Structure formats: C-alpha cells, structure tokens
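Here is the structure we will look at.
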Amino acid sequence: MTQPLFIEASGALPERDAPWEPIVITKEQIDAEIERLAAMPRPANGRRRSYFQHPRNERSIGLAPGIQVSLDVLLPGEETSTFRQNSTQVNFVIRGRGATETSGQHRETALYDVWNTPSMRIYRHKNIGDDLYVRLTYSNGALLDMMNIHVVEENPQPLLKSIDREDEHAAADSTRVNPYGTFQLNEEGAWMMPYERLINPPSVTSPALYWPWEQVKEHLDKLEALGKDYVGRRLYLLYNPMTGRTNGTTPNFFATMTLRPPKIVDRPHRHSSAAVNYYFSGSGRSTVEGKVYEWKAGDLMLSAPGWSVHNHASHDNGPVYELTIQDQPLNIAMESLLWQESLKEPPALLGAEEGFATNRKAVGG
C-alpha cells in the first residue's frame, strides 16, 4: 500500500523554480525534421509526427508546462486515421494544402490558415496538394498528461446521440432526483447544488471554427495605419465566442495573429501565462529577462515563459507576421492570470499594489 508523505511547510511561502529559458527552434531545424518525417515509412495510422520538447520539461511533452506543440507531416495523397481525444487543439498550416474532417464537416485548408479542434470530436487530416502538407498542432495535452487523464482514441466509434430507454427511465425515476434542486443559501450569494446537476451541467456547444489566412490578413494589415504613436500591439485574437470572458480560441489557449511593421519595439511586460510564437514573415529580436534572442521567418519560439519580463522588436527588413499561442484563457479561468505592463526591470516586490491593480483592470476582474 502506498504511504502518504508529509512535507514540512510551517511558516514558509511556496518557492518558485527559476524561469525556463526561452528557446528558439530555427527554420533550418524544423525543415530538417520535416524531411526526416517525410522520408520515414508511413505509420499504420498515417500520423507522421514529432513533438517539440523544452529541455527543462521533465513532467510532460511540451514547449511549456501546459503547451504541447507537434509537427505533423503528410505526403501528397496521404491521410490519417480518425482520432478522438479529450484535449483541445489549435491547428496551423505552415506548408502545402490539405483537408480536415471534424465531426463529418469537411473543409480545405491552405497556408497560414488556423482552426480549432474541440474536445471529443472525431477528426482526420488529408493532403490534397502536390507538396508536403505540414501543420503545427498546439494542444493542452501536456497539461492532461501531467494530470494522467489524457485520453486519445484511434479509429473511434461515433458516440450515440439518442437516449436509450434505461436512461429515459432513470431520468423519470424520482429516487434519482434531489427534490430541493439548486438554491441560494444566504444573502452573500453562496449557493447549494445537488449531485445530479453537479455531474450533468448544462451543455454548451463547442464549435469547430476556421480562420482563413486570406481573410485574416486583410483585417490585420489595416493595423499598420495606427502609426508609431500607438502603444498597443497590432494583433487580432482569433476569438471563439464559446470561451466568453476568458477570450480564447480554445478554453485553454488564445491564438493571435500579429503584424509588426519594421522597427517597432514593444514595451517590456510580463504575464503568468506562457507564450509560443511562430514567425512566418520578417525578422526581429526578443529580450527576455535581459537576454536577447534573434529570430526570423520560419522559427518557432517559446518567447515568454510564465512571469518573465520580455519585449519584442522587429528589424527593418519588412513587416513581421506571427502566430502566438498563449494559455491565458486557462489562467483567467483559474484566477491565476497576472499581467504587468511597461516594466523596465522586474519589480522588487512581486504583486505590488499598482501591479495588481493594473492586472485586474486588464483582465476584467
């Protein structure tokens, strides 16, 4: 029998590990891995895949503790088996063109298109072009792996939509229903909820949405006209209304498309959410905790480990376009999101009054 362990912590505050160092996976490294995957024999399920792994990550497969990123390759004419899993995904095409089927819905995808795959939807991918079809797939599977609850099925059977007679009988059985229901306990706003509502909350549809790059770019390019006096970031969230106030593309991640005109330098800032950037045009640099990292088109970067002061700057060789994946929606849902702007250096006191006030205003609560 496994025995519990007690860890003495009286009077102590939790310790934080040193921040993970940013990591840049270069275009050349990615291209070499694409060719390696393309040259291997086709796996039985058609999934030619590699995961990007941070060397500090000993708990999950991911570039950040909760952000898993894979490189997926299909040869012309190839398609995968069907899959279903309880993790959610953001998909992004970096080469070629293909088609994705999600819950029977078929859509063709081209370079720099983005779409989400909700949890427990049956999906598969196919290469419909003459070139390799290459995607980056961002998933919260890394977090579910750490929780030991990541369920992935290959060639799953569709879920039954109808309710059988036994379930209908159970729904009508008064011995299975708490007659008092959900009710407010006191004037302070505390409530009580019975078992059957706890385990069967109201259903919210989680749609599979698609953001074609051709349409996104048309709106993104308008942001260049904001001029150098604009202090915000020239970006758009690829917003899934299902996520509500957490501002997500999936319940875990937001995906933003950013335009950086030449010679634009962001203000230093930090946030408890981690960010992964893929740059697909232009070049620039990121300064993270005082260290400078150069990047260019085709590079993938853990650009902002959680709570590390950072900023980005574009060089003068044309505009930068980038896709950013960040686990901010999860942090908002957990009430763990902290965000501080305009930092010249890390504050001496973590969570100073002014910093917390700014954060609460920024995230809406």
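Here the structure is a predicted model, which means the values were calculated and not measured.
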Q.
Parallel, tilted or perpendicular, judged at 30° and 60°: which one describes the rings of His219 and Tyr236?
A. perpendicular
Q. Regarding Tyr133 and Thr109, is there a side-chain donor-to-acceptor distance under 3.5 Å anywhere?
A. yes
Q.
List the residues meeting side-chain hydrogen bond (donor to acceptor under 3.5 Å, both in side chains) with Asn116, not counting sequence neighbours, and say none if there are none.
A. none
Q.
Do Asn277 and Ser303 pair up side chain to side chain, a donor and an acceptor below 3.5 Å, judged on atom types alone?
A. yes
Q. Looking at Arg97 and Asp131, does any basic side-chain N land under 4.0 Å from a carboxylate oxygen?
A. no
Q | Donor-acceptor pair between Ser286 and Trp295 side chains, under 3.5 angstrom | A | yes
Q. Is the closest side-chain donor-acceptor distance between Asn140 and Asn252 under 3.5 Å?
A. yes
(Q) Tell me whether the NZ or CZ atom of Arg135 lies within the 45° cone about the ring axis of Phe92 and under 6.0 Å from its centre. (A) no
Q: Start with the C-alpha distance between Leu75 and Leu132, add both sets of side-chain angles, then the distance that settles side-chain contact (heavy atoms from CB on, under 4.5 Å), and finish with yes or no.
A: CA-CA 5 Å; Leu75 273 59; Leu132 298 177; 3.9 Å; yes
Q) Under 3.5 Å, is there a donor-acceptor pair linking the side chains of His125 and Thr80? A) no
**Q.** Residue pair Glu78, Asn127: steps toward the side-chain hydrogen bond (donor to acceptor under 3.5 Å, both in side chains) verdict
**A.** CA-CA 6 Å; Glu78 285 187 341; Asn127 186 338; over 6 Å; no
Q: Could you verify whether a donor N or O on one side chain and an acceptor N or O on the other, from Gln326 and Thr324, lie under 3.5 Å apart?
A: no
(Q) Does either side chain, that of Ser50 or that of Glu33, offer a donor lying less than 3.5 Å from an acceptor on the other one? (A) yes
Q) Pick from Tyr278, Tyr112, Trp213: which one makes a ring-ring contact (aromatic ring centres under 6.0 Å, His included) with Tyr321? A) Trp213
Q) Do we see a donor-acceptor contact under 3.5 Å between the side chains of Gln105 and Tyr210? A) no
(Q) Could you work out, with ring-ring contact (aromatic ring centres under 6.0 Å, His included) as the rule, every residue matching His310, not counting sequence neighbours? (A) His269, His271, His312
(Q) I'd like to know if the side chain of Asn317 pairs up with that of Ser283 as donor and acceptor (distance under 3.5 Å, no hydrogens or angles considered). (A) yes
Q) Under a 4.0 Å N-O cut-off, is there an ion pair linking Lys126 with Glu101? A) no
Q: Run the numbers on Thr117 and Thr137 for side-chain contact (heavy atoms from CB on, under 4.5 Å), then give the verdict.
A: CA-CA 10 Å; Thr117 307; Thr137 305; over 6 Å; no
